[in-house]
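Beneath this line is the structure, given in structure tokens, with notes to follow.
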Amino acid sequence: MIEPLVIALSKGRILLKSLSLIKKAGIIPIDSINNNRKLLFNTKKKYLNLIFLRAIDVPTYVKLGAADMGIVGKDVLLENGSKGFYEPIDFKISKCRLMTAGLIGFNIKKRKRKVATKFIKIAKNYYASKGINAEIIKLYGAMELAPLMNIADEIIDIVDTGNTLKRNGMEPKNLITNISTRLIVNKSAMIRKYKYINPLIELLISII
Ligand code: PRT
Ligand code: MG
């Protein structure tokens, strides 16, 4: 008897791209995913199930072994720690950049800058590595408003086209790191279910 494999997908922005990618490997949900109340899906591969989670919960499920594998943005891994799992594939989809950004033309001259972001850990590491004195303000969304409303000198956020920043009178300043979607695998599942996980990893690598 084959033990079922569970892959955790991130809901939201990267879900459709992740689904169309694994579809090429024959991993296709049986029920319509448009029934958005449903969070657990059987697939056409009998031994393989999908769960849909908030992106931020994907590493937790994989770390705890509730999911054997997960598909999630590198930003989420950097912010929520990357211990407890392997990261064997960069799918190179949903690419974007993690950047500092501020009001157009504005240069920070203060000794201690205020930085609004939801990426607290990434921000602390970044400013520490640059020797910059920064007070980090945790926000959960609409970071682009913070400089405009005068609660921060700059923000750290994900930038793709730059349109969101531009529309709010801001511009990207410094690149922190490039981001893309990754496959993560629970460490003990990798050993116990190697026979099933390894061919799947090879199949996924062959289709990207
Ligand atoms: O929404 P929730 O709080 O549940 O989770 P989430 O915000 O982490 O998820 P979601 O669905 O918004 O994004 C999931 C993942 O998509 C991120 O973890 C990234 O790895 C990836 N990704 C790729 C992006 C973008 N591109 C992106 N452009 N995530 C967010 N953005 C946002 C950005 O925050 C900013 O508001 O889009 C805006 C910038 O886009 P441009 O094109 O205007 O520059
Ligand atoms: Mg979001």
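For this chain, numbers begin at 1 and follow the sequence in order. Start at 1 and go down the list; that is how both ligands and their atoms are numbered.
- For ligand 1 and Gly12, the ligand atoms under 4.0 Å from any heavy atom of the residue are 11 (O).
- Checking side-chain atoms of Arg97 against main-chain N and O of Asp160 turns up a donor-acceptor pair under 3.5 Å.
- Which parts of ligand 1 touch Lys118 is read off a 4.0 Å heavy-atom cut-off, strictly below it: atoms 6 (P), 7 (O), 8 (O).
- Counting heavy atoms closer than 4.0 Å to ligand 1, residue Val76 contributes side-chain atoms (C-beta onward) but none from N, CA, C or O.
- Atom numbering of ligand 1 starts at 1 in the shown order; those under 4.0 Å from a heavy atom of Gly73 are 20 (O).
- Tyr140 carries Lys138 over the face of its six-membered ring, with the cationic atom under 6.0 Å from the centre and within 45° of the normal.
- For ligand 1, the atoms sitting less than 4.0 Å from at least one non-hydrogen atom of Ser94 are 23 (C), numbered in the order shown with element in parentheses.
- Counting only heavy atoms from C-beta outward, the side chains of Tyr127 and Ile136 approach each other to under 4.5 Å.
- The closest heavy-atom contact to atom 32 (C) of ligand 1, among the options Arg182, Met99, Arg13, comes from Arg13.
- For the residue pair Asn186/Asp68, the side-chain donor-acceptor check at 3.5 Å is not satisfied.
- For ligand 1, none of its N or O atoms has an N or O atom of Lys95 under 3.5 Å away.
- Of the candidates Ala142, Cys96, Ala55, the one placing a heavy atom closest to atom 26 (N) of ligand 1 is Cys96.
- Counting the atoms of ligand 1 from 1 in the order shown, those under 4.0 Å from a heavy atom of Asn163 are 43 (O), 44 (O).
- Residue Glu144 places a heavy atom under 4.0 Å from ligand 1.
- Taking the ring centre of Phe85 as origin, the terminal cationic atom of Lys187 falls outside the region bounded by 6.0 Å and 45° from the ring axis.
- Residue contacts with ligand 1 do not include Met143, since none of its heavy atoms lies under 4.0 Å from the ligand.
- Between Asp157 and ligand 1, at least one N/O pair is under 3.5 Å apart.
- Near Ile179, with a cut-off below 4.0 Å to any heavy atom, the atoms of ligand 1 are 20 (O).
- By the 4.0 Å heavy-atom criterion, Gly162 is counted among the residues contacting ligand 1.
- Looking at Ile93, Val58, Ile89, Leu77 one by one, the single match for side-chain contact (heavy atoms from CB on, under 4.5 Å) with Arg182 turns out to be Leu77.
- The option with the heavy atom closest to atom 18 (O) of ligand 1, from among Asp75, Ile56, Val159, Leu53, is Asp75.
- Under the 4.5 Å side-chain heavy-atom criterion for Ile, Leu, Val, Met, Phe, Trp and Tyr, Ile205 and Leu5 are members of the same hydrophobic cluster.
- Put simply, Val76 and Ile179 are part of two different groups of oily side chains (I, L, V, M, F, W, Y) that touch within less than 4.5 Å, one to the next.
- A donor-acceptor pair is defined here as one N or O able to donate and one able to accept, closer than 3.5 Å; no such pair exists between the side chain of Glu135 and the backbone of Val115.
- Heavy-atom proximity to Thr161, at under 4.0 Å, picks out these atoms of ligand 1: 41 (P), 42 (O), 43 (O), 44 (O).
- With hydrogens and angles ignored, the 3.5 Å screen pairs no side-chain donor or acceptor of Lys124 with any backbone N or O of Phe119.
- Closest heavy-atom approach to atom 43 (O) of ligand 1 within the set Asp160, Thr164, Ile14: this belongs to Thr164.
- A single hydrophobic cluster is not seen to contain both Phe52 and Ile28; linkage of ILVMFWY side chains at heavy-atom distances under 4.5 Å, directly or through other members, places them apart.
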